[in-house]
Structures are given as C-alpha cells and as structure tokens.
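Okay, so here's the structure we're looking at.
These figures come from a predicted structure and were not determined experimentally.
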Amino acid sequence: ASVVAPGVLRLDANKAGTATITVSVDDRQNPAVSTTFTVSVAQVNLPPVIESIFPQTLSAGSTLDVPYAATDPEGDSLQANVTSDDTNIVRASITAPGVIHLEGASAGTTTVTLSVNDATNAAVAQPFTVTVAQNAPPVIQPLGPVNMTAGETAQVAYTAGDPEGGSITAAATSDNP
C-alpha cells in the first residue's frame with residue numbers, strides 16, 4: 001500500500017489472501033493518528049483449458065470416438081457439451097468424460113465444437129474439422145474359370161475386403177446347382 005496523492009491510496013493485489021492496511025497521518029505538531037482496514041483479495045478463477053483436437057475423418061455409416069482433455073486450473077468440476085455445425089454430415093455427443101462420439105451420417109466436411117465450462121467463467125470452445133467420406137463398397141478380386149469333373153469337390157480361394165477396413169460377409173450361389 002502507498003499514498004499516491006493526498007487522499008488517495010494505491011493498493012496492489014499481488015496474491016490471494018487478506019491484509020490489514022494502516023493509514024497514518026501526521027501534522028508534525030501532534031502525535032500521528034491512524035486507522036486500519038482490511039483488504040481481502042480473492043483468488044482469480046481462470047477459465048478451463050482444452051487441449052487441441054486435430055481434424056478427424058470417418059466414413060458415412062461409421063462411428064469414431066475422439067478423446068479430449070480439458071482441465072480447470074483451480075480443479076473445479078467441468079461440464080462439457082459438443083455440437084455439430086451440420087448434423088446431416090456428422091452427429092456428435094459426449095458418451096463418457098473425455099470422449100466425443102462421432103457418427104458419420106453422409107459425405108461432407110463440417111465443424112464440431114467442444115465447449116467446456118466451470119460454472120464461473122464463460123465456456124471455452126475448441127472447434128475441429130470432421131470429414132465424412134462416402135462409404136465405398138467392398139471389393140472382390142476377379143476369379144478365373146474352374147474346370148471340374150462331375151462328383152468332384154473343389155475349394156477356390158478368393159480375395160475380398162472393405163476399403164475402410166470394416167468387416168464383410170460372403171455368400172456363394174450357383175445358377176446351375
């Protein structure tokens with residue numbers, strides 16, 4: 001504390017806590033007189049912090065769980081909310097603390113925004129781009145002709161897969177049983 005001008009004190013809140021301030025005045029003819037008062041300095045409540053979330057890609061019809069990290073400097077509990085700018089492309093939800101669940105609806109690119117608040121400060125937002133690719137059909141390599149004798153059984157290997165790495169099922173039929 002200091003006197004910056006007659007009748008004006010300067011107080012600097014350097015850290016949280018309380019302090020007793022004594023103000024003394026002296027006319028140089030009488031003993032100094034003083035008064036005291038208490039100053040309380042509240043702890044600054046800082047907003048939550050969200051780590052960056054990188055762009056995400058998934059296929060239409062598939063889901064993706066995206067982890068996120070959000071903390072509050074004072075350790076306050078946090079509330080999280082997530083929104084998609086275009087739910088026709090991707091739907092987003094919080095399925096567990098620290099997890100954003102994305103559902104690819106149709107091909108396109110949109111922004112998903114994670115918002116976190118500590119009930120004291122304004123919400124902090126972390127937007128990230130989500131691209132939903134069209135789900136490509138499964139592929140199967142062509143098979144060559146097979147020659148057999150009546151009554152014979154053969155096993156024929158084939159190669160097939162899903163471009164997105166999903167599981168596939170296979171079935172075989174004959175037009176001449």
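The two atoms that bring Val90 and Thr110 nearest to each other are CG1-CG2, 3.4 Å, heavy atoms only. Nearest heavy atom pair, residue Ile168 against residue Asp162, reads CG2-CB, 3.8 Å. Asp118 approaches Asn45 most closely through the heavy-atom pair OD2-OD1, 3.0 Å. The shortest heavy-atom contact between Ala70 and Val116 is CB-CG2, 4.0 Å. Nearest heavy atom pair, residue Pro47 against residue Pro73, reads O-CD, 3.4 Å. Closest heavy-atom contact between Thr111 and Thr113: CG2-OG1, 4.0 Å.
The side-chain heavy atoms of Val130 and Leu58, taken from C-beta on, include a pair separated by under 4.5 Å. Two residues are said to be in side-chain contact when any heavy atoms from C-beta on lie closer than 4.5 Å; Pro67 and Val99 fail this criterion.
Counting only residues at least two apart or on different chains, no salt bridge (Lys or Arg N to Asp or Glu O under 4.0 Å) pair has a member in residues 51-80.
Both Val156 and Met148 are part of a single hydrophobic cluster, where members link through side-chain heavy atoms under 4.5 Å apart.
Under the side-chain contact (heavy atoms from CB on, under 4.5 Å) criterion, Ile94 pairs with Tyr68, Ala80, Val82, Ile100, Leu114, not counting sequence neighbours.
Defined by atom type and a distance below 3.5 Å, a donor-acceptor pair is missing between the side-chain atoms of Thr22 and Ser34.
In terms of modelled atom types and a separation under 3.5 Å, the side chain of Ser106 and the main chain of Asn88 share a donor-acceptor contact. Not one N or O on the side chain of Asn117 forms a donor-acceptor pair closer than 3.5 Å with the backbone of Thr120. A donor-acceptor pair is defined here as one N or O able to donate and one able to accept, closer than 3.5 Å; such a pair exists between the side chain of Gln56 and the backbone of Phe54. Judged purely by atom type and a 3.5 angstrom limit, Ser174 uses its side chain to pair as donor or acceptor with the backbone of Asn176. For the pair Ser93 (side chain) and Thr95 (backbone), a donor-acceptor distance under 3.5 Å is absent. Listed for the Asp27 side chain is a donor-acceptor partner under 3.5 Å among the backbone atoms of Gln29.
To the nearest 0.5 Å, the span separating CG on Leu64 from CD on Glu103 amounts to 11.0 Å. A distance of 11.5 Å separates CD1 of Ile89 from CZ of Arg91, quoted to the nearest 0.5 Å. The distance from atom OG1 of Thr71 to atom CG of Leu46, rounded to the nearest 0.5 Å, is 10.5 Å. Note that the CD atom of Gln43 and the NZ atom of Lys15 stand 11.0 Å from one another [nearest 0.5 Å]. From Ser52, atom OG reaches atom CD of Gln126 across 5.0 Å, with rounding to the nearest 0.5 Å. Interatomic distance, Asp12 CG to Ser2 OG, rounded to the nearest 0.5 Å: 7.0 Å.
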Original post:
Which is it for Thr109 and Val132 under the side chain to side chain contact (heavy atoms under 4.5 Å, CB included) test, yes or no, and what are the steps along the way?
Top reply: CA-CA 6 Å; Thr109 299; Val132 177; over 6 Å; no
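Under the 4.5 angstrom side-chain criterion for Ile, Leu, Val, Met, Phe, Trp and Tyr, the cluster partners of Ile21 are Val3, Leu9, Leu11, Val23, Phe37, Val39, Val41.
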